[in-house]
Amino acid sequence: MPTNEMTGGEALTRMFLAFHGGPMFGMGGFQLLPFYDAARRLNVDHHLINDERAAVFAADAYAKVSGRVGLADATLGPGATNLVTGLVEALNAGTPMVVLVGDSHRGHSWKNMTQESRQIDILRPACKEVIRVEQIERIPELMRRAFRVATSGRPGPVVVDVPEDICHATHGFAPEEFAGDPATESIPAIRCRPDAAATERAAALLALATRPILLAGGGVHLSQAAEIVAGFAQALNLPVAHTLTGKGAIACTHPLSAGLFGRYDRIANDLIAEADLVFVVGCKLGEIATKRFTVPPKGARILHLDLLPEEFGRTTEPELALWGDVGATIGDLAKILAPQQAAIQQRQIPYTAEVARRMAAWKAGVVEKYTSEEVPISMARLMGELNQRLAADGILVADGGFAAHWSGLLFDTKRPGRGFVPDRGFASIGYGLPGAMGAALAAPGRPVVSLTGDGGFNMMLGELETARRLNLSFTIVVVNNAASGYVKALQHLMYGAGAYHASDLVETNYAKVAEAMGVRGIRVERPGDLGAALEAGFAGEGPTVIDLVVTRDPAKMLPGVDNRTATVKKGDRIA
Ligand SMILES: Cc1ncc(C[n+]2csc(CCOP(=O)(O)OP(=O)(O)O)c2C)c(N)n1
Ligand SMILES: [Mg+2]
């Protein structure tokens, strides 16, 4: 068998190509130089990032939008440790990712090699699996393993740790060794189903329920099942509420959408309290979704469908647990219920009409907020403009903190699918800019808007250079409140007016900052100018930064409540 002598770095590159890997960001170091050299020679879509954390955030958003495996790389030591925050986002959100990390030369390790650390121990709890490469000839096999683990079961990030001597060594590989498994290029790689008896019982419960509600989490998108869930809801006239990550399980504009539930809600929490069956689908029922474990209320009848059996009963005990893939299981339920479907749909008309009525009443009550002429500009006005102007195939990326809270509650997706991309796995701030980059790369031609706080934007400013270098087209709205606003609003609530500490930022004009970096910048101070700024961003080539001047009054910052009248209960917080 003829073989090609090549470096370990080139073998790694050829495996990324074998899996038709998408864009990859990283920052080099000596250990991975053979990989960088091969990436150049073989024209890999690989680029320098300014902070490895941003590389993983961009890979995360790319994977969330495309369903394909996100890719990133880092050198040993500080490169590796900079990955941690992004890896945990991907781990908690179930994002498929393969991340290449250089490590020290095994001939010298633990002799105070420069930048050496116990990086495997540091990275291990931040990812689904660490695969350490100890033999150059095993690179193809172990890379196949990395893609398999990243895309199977509950997807997640896999770190491939490559010592310097493996990356720089050479070995004769046969060309046919560089084969990927197409099934593991994207999620879900493989689907599984609950046992048939459980599915039958679930169908019977659904058929009998007269006030059921489906609670959709991010697992719907991990299963690529939004169309299936939306079709199922339609067939049974079953209202759907969603978590921040589950937004888009059904179009927010659909009459069966009950909107966000949990910490912030429109009408969903009341519907859940009144429901005779709560069908939880691909949702971990964590703190924010359950309003610190008070939604659904005690005694609710719960049917829980999830891919991860360890999630059953972790926060809320289900009456029946369905262990399986969302799309496959909902498809099976639809088949079982098909003979009764028309009758159920008919029977449920008054209930769904009531849901639509409540949503219409909620909308009528917030029209003024969506169209507010307030100066400084209200965040609700921004949401009104986005709902009007962002096309149905548009994508809204939301940074941690207020950006996700406001948009989770008030932004409307217009079709099923992942049109809303928050980083709720870890809710780190700083996701907005790299997240926009990843989304733009995943969906060329679709409009991408991102919301970030000024604090989150400050963290990632350097990546404007990356976005410009790659000429990525997106609009990023910097919510300029000259503060770590969420923290300041909480201080206002808990300690009173004026009792703020370490939550103010200095006044900054982010449009000028953008321009100084060669990027289009538009400062918007009046609500009437917002529409034109967004349209300019959508039409523009390359990135656009909109510096949106909002209130500096911490009494007016929280989205769901008027916090001048809100009370903080012991052991809880308004978030
Ligand atoms: C990395 C990280 N550090 C701290 C926090 C806690 N935190 C949540 S929201 C917030 C305020 C962020 O300020 P900014 O990005 O300006 O958003 P704003 O709340 O002002 O809209 C902070 C510090 C976090 N989510 N992530
Ligand atoms: Mg801020």
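Note that the numbering runs from 1 along the sequence shown for the chain. In listed order, ligands and their atoms are each counted from 1.
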- [ ] Tell me, with the steps shown, if S104 and Q31 meet side chain to side chain donor-acceptor pair (under 3.5 Å).
- [x] CA-CA 7 Å; S104 57; Q31 291 68 22; over 6 Å; no
TODO: Report yes or no: does S428 have a heavy atom closer than 4.0 Å to ligand 1?
DONE: yes
Task: Test item: protein heavy atom less than 4.0 Å from atom 23 (C) of ligand 1 - done: yes
Task: Heavy-atom proximity to atom 11 (C) of ligand 1, best of A483, G456, G432, S484 - done: S484
Open item on the list: Does the protein come close to atom 8 (C) of ligand 1 - that is, does one of its heavy atoms sit below 4.0 Å from that atom?
Closed with: yes
- [ ] Give a yes or no on whether N481 keeps an N, O or S atom under 2.8 Å from the Mg ion (ligand 2).
- [x] yes
TODO: From atom 10 (C) of ligand 1, work out which of V487, L505, V550 has a heavy atom at the shortest distance.
DONE: V487
Task: For atom 19 (O) of ligand 1, closest protein heavy-atom neighbour - done: Y486 N, 2.9 Å
Open item on the list: Can you tell me which N/O/S atom of D454 has the shortest distance to the Mg ion (ligand 2)?
Closed with: OD1
Task: Neighbour count >12 (heavy atoms, 6.0 Å) for atom CZ, R469 - done: yes
Open item on the list: Would A427 count as being in polar contact with ligand 1, using the rule that some N or O on each side must be under 3.5 angstrom apart?
Closed with: yes
- [ ] Give a yes-or-no answer on whether the side chains of R424 and T245 include a donor-acceptor pair shorter than 3.5 Å.
- [x] no
Task: Option nearest atom 20 (O) of ligand 1 (shortest heavy-atom distance, choices G455, P554, G485) - done: G485
- [ ] Indicate whether the side chain of S428 and that of E89 have a donor and an acceptor atom separated by less than 3.5 Å.
- [x] no
Open item on the list: Within a 6.0 Å radius of atom CZ on R468, are there more than 12 heavy atoms belonging to other residues, nucleotides or ligands?
Closed with: no
Task: Matching residue for Y431 among T452, D423, T85, D60 - test: side chain to side chain donor-acceptor pair (under 3.5 Å) - done: D60
- [ ] Just need the protein heavy atom nearest to atom 2 (C) of ligand 1, so name the residue and atom and give the distance.
- [x] I429 CG1, 3.8 Å
Task: Distance-only polar pair, side chains of N269 and R263, donor-acceptor under 3.5 Å - done: no
Open item on the list: Using salt bridge (Lys or Arg N to Asp or Glu O under 4.0 Å), reason through E311 and K284 one step at a time and then give a plain yes or no.
Closed with: CA-CA 6 Å; E311 294 305 326; K284 292 182 285 188; over 6 Å; no
Open item on the list: With heavy-atom distances below 4.0 Å as the criterion, list the atoms of ligand 1 near N481.
Closed with: 18 (P), 20 (O), 21 (O)
Open item on the list: Rounded to the nearest 0.5 Å, what separates atom CG in L433 from atom CZ in F474?
Closed with: 5.0 Å
Task: Between H492 and D553, a side-chain donor and acceptor under 3.5 Å - done: no
Open item on the list: Would you say the Mg ion (ligand 2) has A482 as a near neighbour, meaning an N/O/S atom of that residue under 2.8 Å away?
Closed with: no
Open item on the list: Checking the N or O distance criterion of under 3.5 Å, is ligand 1 in contact with V479?
Closed with: no
TODO: Using a 4.0 Å heavy-atom cut-off, say whether M459 meets ligand 1 through its side chain, its backbone, both or neither.
DONE: side chain
Open item on the list: Ignoring hydrogens and geometry beyond distance, is a side-chain donor-acceptor pair present between N458 and Y510 at under 3.5 Å?
Closed with: yes
Open item on the list: Looking only at protein heavy atoms, which one is nearest to atom 17 (O) of ligand 1, and what is the separation?
Closed with: G453 CA, 3.6 Å
- [ ] Examine F402 against ligand 1 and note whether any of their N/O atoms are separated by less than 3.5 Å.
- [x] no
- [ ] Please confirm whether A403 comes within less than 3.5 Å of ligand 1 when only nitrogen or oxygen atoms on both sides are compared.
- [x] no
